[in-house]
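Have a look at the structure below before the remarks.
Naming: A, B, ... by sequence-line order, numbering from 1 per chain.
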There are 2 protein chains.
Amino acid sequence: MTAPGGAARHRPARRPTIKDIARRAGVSESAVSFALNDRPGVSDDTRARVRRVAEELGWQANSAARALSGERAGALGLVLARPARTLGVESFFLQLVSGIQEVLAARKIALLFQVVEDLDTECALYRRWWAERRVDGVLVVDPRTDDPRPELLAALGLPAVAIGGPAGPAPSDQEPDTAPPPLLPTVWADDAKAMARVLDHLHGLGHRRIVHVAGLPGLAHTARRIRSLRTEAALRGLDERQVRSVTTDYSDAEGAEATRRILDDPRPPTAIIYDNDVMAVAGASVAAERGIPVPAALSIVAWDDSALCRVTHPRLTALVRDTPGFGRLAAHELLTVLDGGPPRTVQGELPHLEARESTGPCE
Amino acid sequence: MTAPGGAARHRPARRPTIKDIARRAGVSESAVSFALNDRPGVSDDTRARVRRVAEELGWQANSAARALSGERAGALGLVLARPARTLGVESFFLQLVSGIQEVLAARKIALLFQVVEDLDTECALYRRWWAERRVDGVLVVDPRTDDPRPELLAALGLPAVAIGGPAGPAPSDQEPDTAPPPLLPTVWADDAKAMARVLDHLHGLGHRRIVHVAGLPGLAHTARRIRSLRTEAALRGLDERQVRSVTTDYSDAEGAEATRRILDDPRPPTAIIYDNDVMAVAGASVAAERGIPVPAALSIVAWDDSALCRVTHPRLTALVRDTPGFGRLAAHELLTVLDGGPPRTVQGELPHLEARESTGPCE
DNA sequence: TCCTCGCGCTGAACCGCATTAGTGCGCCTC
DNA sequence: GAGGCGCACTAATGCGGTTCAGCGCGAGGA
């Protein structure tokens, strides 16, 4: 009783289905399903036999069929909203993604990764993915101080975990502990403590005039770092004229430009903290142009380490964090939520300061 | 006649299906399917009405259901096999991916992107994705001189396009035009012409001793570049003692190390060509350490531009290519293949040399 | 006037899996 | 020895689309 049309001809190599397994093992399709999914209802004998046949046939569950009946897509999403222009030198995301996938691979979950131009497109993509049931949940990066995404995701009912800090409204300055719980489960790094470490280092070297070249003003962690800097400075008796922040778009161009303006100041700082590695290198380059010796006359710290910080001369002191670890944590947290676990706010490992040659005692 | 159990309660916001549309539009489900997929079989009137209802309901096809019946997953795959260690500063892949997605987004095709440790895992992933019918095709990057992937993919019947050069056996030296057609459709850049441009530039500036710090020896384009360098050098009457290549793993560490060895030579070169930006910057840094003025005593060229090349001092002369454009081209080519088009070998735009401050006349 | 044809649409099968409601049977119980 | 129970397994149903075989009907041709 051959199927009409000889099904196996023009379709390249028809993949085996549970039906094939059932036939070869001499049981029903449901028995196969039970056997392969570790459900009760079949004897150990049958289970073993079915497993063997499945192995022989090289069977893998068709993800579409499974998704259709099981209501799980078996995939998570990650959208990176960056204008193409600023899609620069970033080891951060590849490392983050690689960490995430370490966790997902073990459970055969795929990651849909998409780079888009702006936040609106990102939101539209969440809607579409969810409507199409392409993903079971998403990881949200680059949380902002005024972020539409948590509300959107909550409204959609799309499970999500924010990476990099509370994506809801920024916690109040006065009483951080009474801040409302963030809308989204979150994994974040303690920027305040990290900033304290940086200031400890610089203050210990005698620096009293410090400028912080921050990233995009709209991002939540930018706000946190700026706030922390103020707080930490105050703790050390430094005021706003001595320690301040300026914001940029993270690009080398704005990093260099900001550095020029800062160094043009009649009383320039003796140390600059850059919110990423690219700007730090750009800043070091500006210093070199002007003949300002680093670290003798100017100390430089990069927030985030990369090969970049090690190839320049002098090599840059940098705040090192375990980015893949961060990704693993986030993925794990999202899976927990999907499994019905409680939405939590968990904290990643505290970054440490890798002191290299770009920071030294203040003259 | 309500469904038993009140389906809409504990499942978060049941998504509308064509059944809902059919009911509201007063037609059958098949009519809805025809209307929404631009197939004949419904009047313009009905089509418009169905479309409107679908719009109102915010309907999007469930990708799993569509995949199950339509035999198309609606997704493509891209695997990046890199040991975590060398997952360094790379703007290349993000830009490539962003270009690819520009093309895919228009057709609502998703991209599964995965970072893995090695080639074996990559191959295993292709098998799994294909067995699970998660993807309709894949984009293969980092083709190697001795590459198992084209054969695997051909055996599986998994449609694929290689990015960055023939992924099959390297074309023969003698008669490149008679080389066997590559196993995979391919988009590639003409490294030979690009290398000619670089040599034109350096030779024109008077350089006669040139070293090429290449990347991973196993990669196809590394081999092509090395071969091209020899050819181009010979055309200009330079021999192997004057112009040569060394291979590295692309890392800043090996780039710096290679540079040190090269400069230790009793008759060091007057120009170095680096196969990526990171190594070029590392090399420049070594020169700075040793007090070798760039470009007065040593010219430096980076193969691939990035912010990096612009933030260092002096800024590096670099070979600029349109990476997102390359991605668009590759995505387009894969879609063509999926639509039944012929497998072709197409060539990306020729890179151009952006002359900056790191190259100058030979003393 | 009758037959044919094609249009616009419906009903049903199917994709591959999960799941639920049976079914047959051996065994224990009273 | 009849009833009940649990085990191993099968049959049927549904997920949300696509597709294909029909079907009624009005128009056009003979």
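- Nucleotide dG16(C) holds its P atom 16 Å from the CG atom of Leu36(A), rounded to whole Å.
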Side chain to side chain contact (heavy atoms under 4.5 Å, CB included) assessment of Leu104(A) paired with Gln114(B): CA-CA 10 Å; Leu104(A) 301 192; Gln114(B) 189 130 359; over 6 Å; no
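- Residue Lys19(A) contributes atom NZ, which lies 14 Å from atom P of dA18(C) at whole-angstrom precision.
- Atom pair Arg133(A):CZ and dC17(C):P shows a separation of 20 Å (rounding to whole Å applied).
- In this structure, the side chain of Gln101(A) engages the main chain of Phe113(B) through a donor-acceptor pair within 3.5 Å.
- At whole-Å resolution of the value, CG in Leu68(B) and P in dA13(C) are 17 Å apart.
- When each of Phe34(B) and Gln60(B) is assigned the nucleotide of DNA chain D bearing its nearest heavy atom, the one mapping closer to the 5' terminus is Gln60(B).
- Using a 4.0 Å heavy-atom cutoff across all strands shown, Ser33(B) reaches at least one base atom of the nucleic acid.
- The phosphate of dC17(C) (OP1 or OP2) has a side-chain N or O of Trp59(A) nearer than 4.0 angstrom.
- Within 6.0 Å of CD in Gln347(A) there are more than 12 heavy atoms belonging to other residues, nucleotides or ligands.
- Counting distance only, with no hydrogens placed and no angle test, the side-chain atoms of Ser30(B) and the base atoms of dG11(C) include a donor-acceptor pair under 3.5 Å.
- Residue contacts shown for Val32(A) are absent, as no nucleic acid heavy atom lies under 4.0 Å away.
- Look at Arg51(B) and Asp38(B) and you find a salt bridge, because one of the NZ, NE, NH1 or NH2 atoms lies within 4.0 Å of a carboxylate O, short of that distance.
- Across the protein-nucleic acid pair, Glu132(B) atom CD and dC17(C) atom C1' stand 13 Å apart, rounded to whole Å.
- Nearest nucleotide to the Asn37(A) side chain, out of dA18(C), dT19(D), dG17(D): dA18(C).
- For Glu29(B), counting side-chain heavy atoms from C-beta on, the closest listed nucleotide (dC9(D), dC17(C), dG17(D)) is dG17(D).
- Comparing dG16(C), dT10(C), dT18(D) by their closest approach to the side chain of Ala65(A) singles out dG16(C).
- Among the nucleotides dG8(C), dG16(D), dC15(C), the one closest to the side chain of Ser43(B) is dG8(C).
- One finds no side-chain N or O of Arg39(A) lying less than 4.0 angstrom from the OP1 or OP2 phosphate oxygen of dA18(C).
- Atom-to-atom, CZ of Arg72(B) to C1' of dG16(D) comes out at 19 Å; the value is rounded to the nearest Å.
- A cation-pi arrangement, defined by a distance under 6.0 Å to the six-membered ring centre and an angle within 45 degrees of its axis, is absent between Arg128(B) and Trp130(B).
- The side chain of Arg66(B) sits closest to dG17(D) out of dA18(C), dC15(C), dG17(D).
- When the nucleotides dC9(D), dT19(D), dG17(D) are ranked by their closest atom to the side chain of Thr46(A), dC9(D) comes out on top.
- Atom CG in Asp45(A) sits roughly 17 Å away from atom P in dC7(D) (whole-Å rounding).
- Each of Ser28(A) and Ala64(B) lies near DNA chain D, and the nucleotide nearest Ser28(A) is the one positioned closer to the 5' end.
- When each of Thr336(B), Leu335(B), Leu329(B) is tested with His332(B) by the rule side-chain contact (heavy atoms from CB on, under 4.5 Å), just one qualifies, namely Thr336(B).
- Protein atom CG of Asp44(A) is 13 Å distant from nucleotide atom P of dC7(D), rounded to whole Å.
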